[in-house]
Engineer: 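Below you'll find the structure I mean.
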Amino acid sequence: MSSDGPSSNGSGDVPTVLVRDQTGRQLLCFLEQLIPLDGKDYALLTPVDTPVCLVRIADEDGEDEVVEELDGAEPILSVADVVLQEHDLTLIRSAVTLTVSGDLEEPDAEEFEDELDEGEEDDESDLYEMLIQFRAEGQEYGLFIPLDPFFVVARMENGEGVLVEGEEFERVQPRIEAELDDRELGDD
């Protein structure tokens with residue numbers, strides 16, 4: 001493998017790709033699938049570090065709200081940094097999503113499925129596991145880990161991934177899904 005291609009991680013099993021967004025933020029990902037479309041290589045990736053989302057926790061009457069726009073949330077993220085450091089974890093302001101690095105117990109998907117089998121309601125809160133809860137600016141917040149796999153789509157250029165967003169994502173996403181479905185049927 002050439003030095004400008006996807007690099008192998010320490011175990012040598014799964015290659016990793018560095019993804020950049022339009023603002024220059026980076027996210028190191030494992031390469032799950034490579035899909036050629038229109039003369040370009042598109043990669044289906046999963047983050048190396050654990051993806052998390054920031055949630056504003058509502059009082060008893062309201063609903064929790066995912067904080068989508070993180071540009072103004074730096075004071076809140078700074079508090080999250082401190083709380084995570086107490087657990088030897090680091091919050092990373094990555095491309096695509098916030099991630100947490102460190103020795104972190106992965107959510108157990110089988111345990112999640114067992115809970116659903118026991119008759120618990122499958123609502124929005126069951127799609128995430130709380131990592132930490134903290135108070136900032138007079139409001140309760142939490143960092144939550146999605147229980148579903150978190151995929152990133154990137155276009156490969158010079159051995160790096162360029163995040164696929166907006167119109168390009170809308171155009172290639174259904175075609176990537178169709179290609180993956182075809183590959184899955186071919187494995188049977």
Side-chain angles (χ1 to χ4, degrees), residues 9 16-30 32 43-116 118-154 160-170 173:
N9 62 9
T16 56
V17 174
L18 189 63
V19 177
R20 293 183 196 278
D21 65 11
Q22 293 175 341
T23 65
R25 289 179 302 191
Q26 302 175 352
L27 178 64
L28 186 62
C29 293
F30 292 117
E32 301 293 336
L44 186 63
L45 309 163
T46 54
V48 170
D49 291 323
T50 304
V52 293
C53 58
L54 178 64
V55 175
R56 183 178 299 111
I57 299 173
D59 54 19
E60 295 173 20
D61 301 339
E63 287 192 24
D64 296 348
E65 174 190 349
V66 175
V67 178
E68 300 284 346
E69 191 54 53
L70 296 174
D71 289 339
E74 192 52 43
I76 298 160
L77 296 176
S78 294
V79 174
D81 279 330
V82 172
V83 175
L84 286 170
Q85 287 170 9
E86 293 171 2
H87 300 280
D88 295 325
L89 299 171
T90 305
L91 182 64
I92 303 168
R93 289 129 178 98
S94 310
V96 187
T97 184
L98 294 169
T99 57
V100 172
S101 69
D103 193 14
L104 185 65
E105 246 182 68
E106 291 296 320
D108 187 352
E110 286 180 20
E111 186 178 301
F112 167 69
E113 289 171 8
D114 291 345
E115 288 174 6
L116 287 180
E118 293 169 9
E120 287 190 18
E121 288 184 34
D122 183 17
D123 64 10
E124 186 95 359
S125 65
D126 289 335
L127 302 176
Y128 298 92
E129 181 177 289
M130 182 183 291
L131 175 61
I132 61 165
Q133 185 171 343
F134 58 96
R135 191 162 187 80
E137 300 183 339
Q139 173 72 48
E140 289 292 321
Y141 289 91
L143 288 179
F144 286 77
I145 302 170
L147 293 174
D148 287 335
F150 188 93
F151 291 106
V152 177
V153 177
E160 284 193 356
V162 176
L163 183 63
V164 176
E165 301 176 277
E167 289 179 16
E168 182 180 14
F169 180 80
E170 298 297 325
Q173 188 256 347

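In what follows, residues are counted from 1 in the order of the sequence shown. Predicted model only: the values in this text are computed from it and were never measured. Just so it is clear, the values below take in all heavy atoms, side chains as well, and ignore hydrogens, waters and symmetry mates.
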Engineer: Run the side chain to side chain donor-acceptor pair (under 3.5 Å) test against E165 and tell me which residues pass, sequence neighbours left out.
Structural biologist: none

Engineer: Going by the rule salt bridge (Lys or Arg N to Asp or Glu O under 4.0 Å), which residues pair with D81 if we only count those two or more places apart in sequence or in a different chain?
Structural biologist: R93

Engineer: Please enumerate all residues that pass side-chain contact (heavy atoms from CB on, under 4.5 Å) together with A43, with sequence neighbours excluded.
Structural biologist: L31, L34, L45, M156

Engineer: If you take all heavy atoms of V17 and G161, which pair is closest and at what distance?
Structural biologist: CG1-N, 3.5 Å

Engineer: For side-chain contact (heavy atoms from CB on, under 4.5 Å), just list the numbers for D21 and V96, CA-CA rounded to whole Å, side-chain angles, deciding distance to a tenth of an Å, and then say yes or no.
Structural biologist: CA-CA 7 Å; D21 65 11; V96 187; 5.8 Å; no

Engineer: Using the side chain to side chain donor-acceptor pair (under 3.5 Å) criterion, which residues pair with R20? Sequence neighbours excluded.
Structural biologist: E160

Engineer: Report the residues that fulfil side-chain contact (heavy atoms from CB on, under 4.5 Å) with R135, sequence neighbours left out, ordered by chain and then residue number.
Structural biologist: E140

Engineer: According to salt bridge (Lys or Arg N to Asp or Glu O under 4.0 Å), who are the partners of E32, at least two apart in sequence or on a separate chain?
Structural biologist: none

Engineer: If I compare all heavy atoms of S94 with all of T99, which pair ends up nearest, and what's the gap?
Structural biologist: OG-OG1, 2.8 Å

Engineer: How would you list, by chain and number, every residue that makes a side-chain contact (heavy atoms from CB on, under 4.5 Å) with E137, sequence neighbours excluded?
Structural biologist: P75, I76

Engineer: Run the side-chain contact (heavy atoms from CB on, under 4.5 Å) check on L44 and V153 step by step: do they pass?
Structural biologist: CA-CA 5 Å; L44 186 63; V153 177; 4.2 Å; yes

Engineer: Please identify each residue that fulfils side chain to side chain donor-acceptor pair (under 3.5 Å) with T97, with sequence neighbours left out.
Structural biologist: none

Engineer: Quick one: side-chain contact (heavy atoms from CB on, under 4.5 Å) partners of V162, sequence neighbours excluded?
Structural biologist: R155, E157

